[in-house]
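Quick notes on the structure that follows.
Given the structure is predicted, the values throughout are model-derived calculations rather than measurements. What's counted below: heavy atoms across the whole structure, side chains too, no hydrogens, waters or symmetry copies.
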Amino acid sequence: MKTRQGLLTLLTCMLITGISVSQNVTFEASVDRPTVGLGEQFTLTFVLSGQTMGGGKNLQLPELSKFHIMSGPNQSSSMQIINGAVSSSVAYSYVLQPRETGKLTIGSASIEAGGSTLRTQALTIEVVRGSTRPRQPATSGEAASPDMADNLFLRAVVDRSRVTQGEQINLVFKLYTRVSVVNYAVTKNPAMTGFWSEDVEIPKNITLSSETVNGKSYKVGVIKRVALFPTQAGALEIGPMEVQTTVQVPYARSNDPFDAFFRDPFGRNTNYTTVSPKVNITVDPLPGQPPSDFKGAIGQFAMSASLDKKTTRTNEPISLKVTISGTGNIKLLEAPALDLPPDFEQYTPKVSESINRSQGRISGSKTFEYLMIPRYPGLKVIKPVTMSYFDLKKREYIRLRSPQIELNVEQGTAGPAPTVTGVSREDVRMLSQEIRVIKIATPAFVRGGDRLYTHPFFLALVALPLLVVGGAYVYARQRQVVMLDQAGYRYRKAIKVAQKGLREAEYLLKDKSRQTAAPSSNQRLRFYSEVSRALWKYLGDKLNIPQASFSVEGAANRLHARGVEERLIGDLRTILETCDLARFAPTSLELSAMQKTYDDASRVIVELERTLKPR
């Protein structure tokens with residue numbers, strides 16, 4: 001009996017203890033120091049206390065995009081029994097490194113424990129340039145650790161901070177160092193929302209120069225040059241670029257003569273990540289009202305137009321080449337509209353371009369080759385081709401105009417209106433006066449009194465021309481409405497245009513897979529350019545976005561307004577960022593990544609086509 005009473009008392013105590021602990025569960029967040037230097041590391045710890053049976057579940061971290069996660073989660077647990085009261089705690093720690101300076105906020109984390117969801121308080125940590133740790137002499141056998149934030153940093157330099165929309169900005173990323181850099185790699189591409197970017201060629205072997213910053217002399221190397229063309233007006237921002245370096249740190253002097261035999265005389269290698277600051281750009285809109293044939297060309301351009309021949313035959317193709325050359329946003333140039341004779345059949349132009357990215361300015365030419373087929377003979381006139389651009393030096397719109405082109409079209413062998421030759425009209429009249437052939441068949445007799453105009457067959461023949469003319473009129477009106485609705489036409493053709501661009505990327509991908517060697521940087525750049533161009537062309541046609549207003553955020557907002565899922569918008573954003581990354585760090589992308597990008601782009605276009613409905 002006493003044994004039963006003791007066992008019941010023990011179970012009751014354990015139950016009361018468990019209830020007490022479950023009612024006192026806490027979840028707290030802390031950092032090991034409130035102020036750190038840029039490039040230094042600190043520890044973020046989440047502690048769940050009061051649980052007697054293991055830890056919680058479904059730990060949700062706050063947004064940590066402004067930090068590098070160097071390690072974690074590192075989990076540890078402890079248990080205490082004091083005066084019969086049992087308490088336990090589980091700690092989740094992360095080693096972080098800030099990406100930028102300023103007061104950064106670490107949001108609230110959550111975890112499920114004790115039958116409820118617990119949340120931590122938000123934390124604020126201050127990130128400053130330079131080191132916040134006191135310098136201490138290195139002991140024997142240790143490497144001296146210089147203040148990396150002062151001895152190695154990255155800067156983004158622009159040649160101008162206020163420009164007109166479409167005006168070129170030269171952006172240079174410079175690495176400043178006072179230590180020995182063994183290697184470096186771009187780990188994060190800067191966000192350039194509102195810009196069209198073009199890489200400018202730099203030598204493969206970086207040439208170091210000397211610059212003085214705040215009284216200190218640095219070796220400076222240019223690791224990236226980019227030509228930017230703002231596609232929208234307003235306050236724009238160039239995001240930070242992130243570079244991971246391998247730095248050789250020398251060992252401190254040692255009094256032990258044997259240390260020199262057991263360690264590298266040049267020191268040890270350590271990794272250090274540096275981030276460039278953001279750059280703000282003010283973009284002024286284009287002045288005045290642009291001409292009707294202005295399609296976003298900004299710079300200084302010249303235009304020429306020519307036919308491949310002056311004389312042709314009906315139903316034979318001819319080629320009209322329009323070449324635009326000069327300095328400016330060459331890749332953004334659109335095909336000029338042609339004013340052709342009504343009997344000309346025109347096809348989508350073939351586009352080729354030659355871009356010169358040296359000397360710090362983007363220049364070159366873009367050729368549009370139009371294939372046309374005349375259907376009727378005669379002297380045909382192709383009206384002058386016009387194109388307007390904004391001249392940055394003159395600060396005005398300039399209209400280019402080609403000469404009028406004349407083409408002599410002769411009758412071909414399969415013309416629509418063949419003529420009879422070798423027989424005169426007099427000969428035709430003589431044939432009607434010759435002796436007619438005697439008819440030997442039984443003639444068909446018509447009942448007297450019948451009227452031909454009352455016969456149903458006659459009435460059908462009379463009504464047929466009216467039906468044909470009416471149908472032709474309705475068809476012409478519908479076709480006119482369709483041709484005037486450019487936005488609707490682009491909307492319907494968007495998927496076909498995108499698939500055509502992806503087929504070019506697929507061809508490049510298959511061509512790379514047949515090669516034994518790894519694809520070159522230029523080959524990868526062509527592939528990702530085709531995928532990016534196909535996606536942007538599809539979004540522009542489907543959402544009716546002018547090419548001068550292309551931006552990831554703008555497209556995402558429009559897709560969100562059209563009811564597209566956030567998951568699909570996120571996939572689209574990831575693909576576009578991957579394509580941009582290939583332009584800055586192509587050596588880090590392999591064939592498998594190219595295949596995944598192609599598959600994801602095809603899937604996203606198909607899902608968008610199913611989701612987006614005509615408005």
Side-chain angles (χ1 to χ4, degrees), residues 291-293 295 303-324 333-352 366-388 399-432 460-490 492-493 496-497 500 541:
S292 59
D293 56 354
K295 297 183 178 181
M303 183 180 66
S304 63
S306 62
L307 279 175
D308 60 342
K309 48 188 172 182
K310 297 294 183 181
T311 302
T312 187
R313 293 179 178 272
T314 57
N315 301 317
E316 291 184 0
I318 58 175
S319 176
L320 173 63
K321 286 186 178 182
V322 178
T323 301
I324 304 174
L333 297 179
E334 297 186 16
L338 300 183
D339 191 353
L340 301 176
D343 62 315
F344 273 41
E345 187 173 340
Q346 177 187 341
Y347 296 88
T348 303
K350 177 183 177 182
V351 182
S352 60
K366 196 168 188 176
T367 301
F368 304 91
E369 185 175 357
Y370 300 84
L371 182 64
M372 303 173 293
I373 299 178
R375 295 303 186 186
Y376 292 91
L379 181 62
K380 308 297 180 180
V381 176
I382 300 176
K383 295 183 179 180
V385 182
T386 63
M387 169 230 173
S388 293
R399 171 169 289 175
L400 302 177
R401 183 185 180 91
S402 70
Q404 180 175 284
I405 300 176
E406 294 184 353
L407 176 66
N408 184 26
V409 181
E410 300 176 351
Q411 180 60 55
T413 57
T419 58
V420 179
T421 60
V423 180
S424 64
R425 293 188 179 182
E426 290 76 7
D427 294 333
V428 175
R429 294 193 188 99
M430 288 298 296
L431 289 174
S432 65
L461 289 177
V462 173
L464 182 60
L466 298 178
L467 294 175
V468 172
V469 172
Y473 176 78
V474 173
Y475 174 79
R477 291 289 297 174
Q478 290 179 347
R479 181 173 177 82
Q480 183 180 11
V481 171
V482 170
M483 295 304 293
L484 291 177
D485 185 14
Q486 293 294 330
Y489 180 80
R490 292 175 58 195
R492 290 186 294 273
K493 297 295 183 180
K496 294 183 179 180
V497 174
K500 182 179 179 181
D541 292 343

message: Using side chain to side chain contact (heavy atoms under 4.5 Å, CB included), reason through Val322 and Met387 one step at a time and then give a plain yes or no.
response: CA-CA 11 Å; Val322 178; Met387 169 230 173; over 6 Å; no

task: Show your working on side chain to side chain contact (heavy atoms under 4.5 Å, CB included) between Leu407 and Phe344 and close with a plain yes or no.
output: CA-CA 12 Å; Leu407 176 66; Phe344 273 41; 3.9 Å; yes

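The CD atom of Gln346 sits 5.0 Å away from atom CG of Leu338, with the distance rounded to the nearest 0.5 Å.
For Glu406, the salt bridge (Lys or Arg N to Asp or Glu O under 4.0 Å) test picks out no residue, with sequence neighbours left out. Shown here are the salt bridge (Lys or Arg N to Asp or Glu O under 4.0 Å) partners of Lys321, two or more places apart in sequence or in another chain: there are none. With sequence neighbours excluded, no residue forms a side chain to side chain contact (heavy atoms under 4.5 Å, CB included) with Ala337. Taking Arg399 as the reference, Asp293 meet the salt bridge (Lys or Arg N to Asp or Glu O under 4.0 Å) condition, with sequence neighbours excluded. In this structure, Glu410 has no side-chain hydrogen bond (donor to acceptor under 3.5 Å, both in side chains) partners at least two apart in sequence or on a different chain. A search for salt bridge (Lys or Arg N to Asp or Glu O under 4.0 Å) contacts involving Asp343 returns Lys380, not counting sequence neighbours. For Thr323, the side chain to side chain contact (heavy atoms under 4.5 Å, CB included) partners at least two apart in sequence or on another chain are Ser304, Ser365, Thr367. Under the side chain to side chain contact (heavy atoms under 4.5 Å, CB included) criterion, Lys309 pairs with Thr312, Glu316, Ile318, sequence neighbours left out.
In this structure the side chain of Ile373 reaches within 4.5 angstrom of the side chain of Pro317, judged on heavy atoms. In this structure, the side chains of Pro349 and Glu369 stay at 4.5 Å or more apart for every pair of heavy atoms. The side-chain heavy atoms of Leu320 and Met372, taken from C-beta on, include a pair separated by under 4.5 Å. Residues Thr386 and Pro291 form no side-chain contact, since every pair of their non-hydrogen atoms from C-beta on lies 4.5 Å or further apart.
Between Lys295 and Ala335, the shortest heavy-atom distance links the atoms NZ-O, 2.9 Å.
Proximity of a side-chain donor or acceptor of Ser319 to a complementary backbone N or O of Asp308 within less than 3.5 Å is not detected.
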